[in-house]
Amino acid sequence: FEIKSTVVRTLAEIRNEEALPALMRLIRSKNLLRPAALNRLKVEVMNSLSNYPADSVWRLFGELSASDHDELANLVQASLKNTQDKP
């Protein structure tokens, strides 16, 4: 988890938009063996999305806000607010 989490944070710091499709695949994925670890990583990805340019993540936010995963949907709302507040 720590290595993957570090990669997610690093990609967000450098604002690598090419990583967004892979991050979305990760958010959509399911893991029957280790769901708790995957959910923690999904939360990390969601928190990192506010570092990307708003126009790159709006469509992703819309898709995720319709998610049936309550924690992710709540994080989308927070990320939307953070993205709107950035210059």
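Heavy atoms only: backbone and side chains are in, while hydrogens, waters and symmetry mates are out.
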Q | Given N16, V8, L41, the one that forms side chain to side chain contact (heavy atoms under 4.5 Å, CB included) with L23 | A | V8
Q) Which atom pair, heavy atoms only, marks the closest approach of K42 to L26? A) CE-O, 3.5 Å
Q) Do side-chain atoms of S56 reach the backbone of Y52 as a donor and acceptor pair under 3.5 angstrom? A) no
Q. Looking only at side chains, do R9 and S5 share a donor and an acceptor under 3.5 Å apart?
A. yes
Calculate, to the nearest 0.5 Å, the distance between atoms [atom1] and [atom2] belonging to [X] and [Y] respectively.
X   : Y   : atom1 : atom2 : value
N39 : K30 : CG    : NZ    : 9.5 Å
L11 : N51 : CG    : CG    : 11.0 Å
I27 : E44 : CD1   : CD    : 11.0 Å

(Q) Tell me every residue that passes side-chain contact (heavy atoms from CB on, under 4.5 Å) with R34, counting only those two or more places apart in sequence or in another chain. (A) N31, A37
Q. Is there a side-chain contact between M24 and R28 (heavy atoms, below 4.5 Å)?
A. yes
Q) Going through the checks in order, is the side-chain contact (heavy atoms from CB on, under 4.5 Å) test met by L49 and L20? A) CA-CA 9 Å; L49 290 178; L20 289 172; 3.7 Å; yes
Q: Determine whether more than 12 heavy atoms belonging to other residues, nucleotides or ligands lie under 6.0 Å from atom CD1 of I3.
A: no
